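Structure record follows, encoded as structure tokens.
Naming: A, B, ... by sequence-line order, numbering from 1 per chain. Model, not experiment: these values are computed from the prediction.
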Amino acid sequence: MLPSNLRETVPISVRQRHKPVRTYRLRPPGESLQPTRKSRLAQVTAQHSTNPFTIITNSDQLKKACWLLEQAEAVGLDCETTHLDPYKGDIRLTQLSNDRHTYVIDHKHFHGPCGFQPLKQLLESLRPRTICHHAKFDQKWLLKKLGIQLGGIFDTMLASQLIHFNRKSHNLATLAKLYLGVTLDKTLQSSDWTGDLSETQLQYAVRDSQVLPPLRKALITKLSQDSLIRAAQLEFEAVPTVAAIELAGIYLDLERWKEQLTIITHQHQTLAAELQELLAAGAPQGTLFGHTQINLDAHPQILNALKRLNVPIDKSTKSNLLLPLAKQFPVVAKLLEYRPLSKALTSYGESWFTGINPITQRVHPDFNQIGAPTGRFSCTDPNIQQVPHTNGYRRCFRAPEGRTFCIVDYSQIELRILAEFSQDPAFLAAFRSGADLHKTTASQVFNISIDQVSPEQRDFAKRLNFGVVYGIGAPRFANMTGTSLREAEATLRRYFQTYRLLYNYLRDAATQALQDRQIRSASGRLVRYRFDPNNKEQVSSTRRKARNAPIQGTGSDIFKRALRLVGEELRGTSAQIVNIIHDEIVVEVDAYEAEDIGRRVSLRMVQAGEEYLTSVPIKAEPQITSEWIKD
DNA sequence: GTGAAGGGCCAC
DNA sequence: AAACGTGGCCCTTCAC
């Protein structure tokens with residue numbers, strides 16, 4: 001069934017695509033900022049076919065506007081701000097559009113959030129729906145400046161990403177052109193919004209929000225055709241939580257980070273010198289300056305140097321290829337020691353403390369809600385989802401005085417999804433028993449009792465379980481475990497004999513996906529594939545992707561549902577989500593409240609999982625810790 | 001000088 | 001030769 005706020009508005013047979021937006025003659029704005037310029041304004045407007053608009057400068061006008069807008073089924077909303085960072089700038093304008101009219105709130109005439117009560121009431125209710133392009137942006141400003149949490153969002157950017165992830169651009173101008181045949185000029189987006197606004201700036205502001213209601217209709221048609229309504233609802237509902245996470249940021253202990261950096265810098269220098277020496281052994285003699293210095297971070301140079309030393313490699317110096325050679329060649333061993341330090345120094349170095357917001361003293365990364373076609377988040381500036389899990393780095397992320405972290409992550413969510421989808425009895429039983437999964441797998445695959453499973457066998461089973469989700473093959477498995485190809489093949493065979501239905505499911509999913517050139521997650525999220533059926537490599541690559549996508553995609557579905565539920569759960573408490581990493585939520589909370597919040601976050605995450613998985617138990621246990629370090 | 005591509009490695 | 005899915009960041013190299 002469709003969610004109620006979308007259901008009634010899905011057009012059955014209306015084709016909105018390429019239909020030009022209706023044009024209106026300008027009515028003189030009732031409360032223009034600059035009444036003397038009215039006539040010039042009117043001319044410009046007529047040329048560009050803009051909605052009539054009203055400029056709002058006091059709360060009485062706002063009240064009236066909100067009362068009128070309340071009747072609409074959806075309202076386009078767009079904020080123009082004086083900065084990209086809500087901690088550094090202000091909202092300059094807020095435009096609100098129904099199908100006929102645009103109201104432009106001039107925030108310069110308002111002081112503090114008190115005059116915005118009617119707006120808060122309008123936007124926090126489920127209806128009318130608030131239409132935004134990239135709602136996270138507007139939501140952050142509205143939350144920070146006016147304490148408004150959007151009640152029912154329709155995000156045209158997220159909708160477009162769901163419809164076609166691989167499209168190069170999802171910006172508003174592109175969508176307006178594609179779905180409505182309207183050309184939007186975006187050159188004013190980054191103009192100066194601090195002083196008095198020009199007519200063209202106002203035109204720009206109005207046009208940007210007036211396009212949203214018709215665009216929503218067109219997108220609903222498309223979402224409906226592609227059966228993406230449920231997925232869209234899931235995405236939209238997660239937006240306020242994501243906005244709150246970015247606003248909250250996470251505290252980074254600068255002193256600890258610097259300590260770590262100092263340690264790594266020392267080790268790096270030592271290793272660099274040693275490696276340089278070892279590599280020089282193969283260099284041609286008699287250069288003017290003694291040894292020829294090699295740039296240790298230049299892969300082609302390293303490759304050549306290793307070749308000179310008769311290391312049997314061809315064109316790649318990838319670590320997993322070098323690993324077997326480390327014993328025989330000390331220079332290779334040294335290189336493998338050097339590389340992670342080099343990575344650490346560059347990727348987790350000084351750039352992190354320049355990213356600390358001077359006002360909050362915290363790091364505020366940018367979370368891209370649909371970062372992958374499977375629906376996973378991606379994260380930039382900085383990418384806090386890839387901080388090394390060694391304590392040296394993780395201890396730098398700590399709760400401020402009086403507060404603590406509560407970390408809740410799903411236990412093996414993707415493998416549980418695989419169990420559910422395949423309905424494999426042995427795999428399901430492994431989860432239902434509640435025992436250690438990898439031990440259970442080992443006992444089932446090697447046909448021994450759980451008590452007899454050695455640590456090596458458990459590790460083996462763990463690698464098997466994870467590898468299978470990604471469509472691992474025998475060669476890679478052999479390489480990973482250090483066994484022979486023959487042995488690896490035998491092990492994989494035994495694994496799939498143990499979990500017969502699991503094998504069947506993965507096989508059928510891949511076959512079906514190759515046929516349909518698409519596959520869906522549990523929420524209906526669509527992942528499309530383009531490949532040449534005659535190209536073997538492309539076919540097998542697509543097969544592996546298609547095996548993984550429904551699992552990873554459903555993991556994302558569950559996680560996003562959890563974000564919504566947890567976000568709601570935490571309203572009015574001292575807790576705030578400060579980080580999310582695919583299946584893990586990090587909450588910062590007043591210490592006295594931590595136990596209670598931990599239980600509640602865990603319950604909501606389990607609830608989200610249970611909405612999608614019915615055959616396997618969901619586990620998400622809270623850990624309370626002052627640093628971002630898990631057991 | 002800038003930007004794309006390739007290689008490598010960090011996370012889940 | 002590689003044969004494991006999804007990302008982002010950093011470096012070097014190379015073309016423009």
Does the Lys NZ or Arg CZ of A:Lys334 fall within the cation-pi geometry relative to A:Phe329 - under 6.0 Å from the ring centre and within 45° of the axis? no

Quick one: is A:Gln301 getting a side-chain N or O under 4.0 Å of the C:dC11 phosphate, OP1 or OP2? no

Using a 3.5 Å limit on both distances, find every run of at least three consecutive Watson-Crick or G-U pairs that involves DNA chain C. B:1-12 with C:5-16

Side chain of A:Asn383 only, heavy atoms from C-beta on: which candidate in C:dT13, C:dG8, C:dG7 is closest? C:dG8

Quick check with a 6.0 Å cut-off and a 45 degree axis cone: is A:Lys258 positioned over the face of A:Phe353's six-membered ring? yes

Separation between the P atoms of B:dG8 and C:dA1, rounded to whole Å: 16 Å

May I ask you to verify if any side-chain N or O of A:Ser342 is less than 4.0 angstrom from the OP1 or OP2 atom of B:dC9? no

Check whether any side-chain nitrogen or oxygen of A:Ser351 sits under 4.0 Å from OP1 or OP2 of C:dC10, and answer yes or no. yes

Parallel, tilted or perpendicular: rings of A:Tyr499 and A:Tyr495 (30°, 60°): perpendicular

Ranking C:dC11, C:dG7, C:dT13 by distance to the side chain of A:Pro373, first place goes to C:dG7

Parallel, tilted or perpendicular: which one describes the rings of A:Phe446 and A:Phe460, with boundaries at 30° and 60°? tilted

Looking only at the aromatic ring of each residue, does the gap between the centers of A:Phe466 and A:Tyr470 stay below 6.0 angstrom? no

Closest to side chain of A:Pro475, choosing from C:dT12, C:dC9, C:dA3: C:dA3

Any A:Ser378 side-chain nitrogen or oxygen under 4.0 Å from OP1 or OP2 of C:dG8: yes

Give a yes/no answer on whether the side chain of A:Arg544 brings an N or O atom under 4.0 Å of OP1 or OP2 in C:dC4. no

Expressed in whole Å, how much space separates the C1' atoms belonging to B:dC9 and C:dC4? 15 Å

Can the positive tip of A:Arg517 be found less than 6.0 Å from the middle of the six-membered ring of A:Phe531, inside 45° of the ring normal? yes

Starting from the 5' end of DNA chain C, give me the residue, A:Leu321 or A:Gln386, whose nearest nucleotide shows up first. A:Leu321

Atom NE2 of A:His299 and atom C1' of C:dC9 are separated, to the nearest Å, by 13 Å

Taking for each residue the nucleotide of DNA chain C bearing the nearest heavy atom, is the 5' side occupied by A:Asp381 or by A:Lys318? A:Lys318

Between A:Ser316 and B:dG7, is there a contact of a side-chain N or O with OP1 or OP2 at under 4.0 Å? no

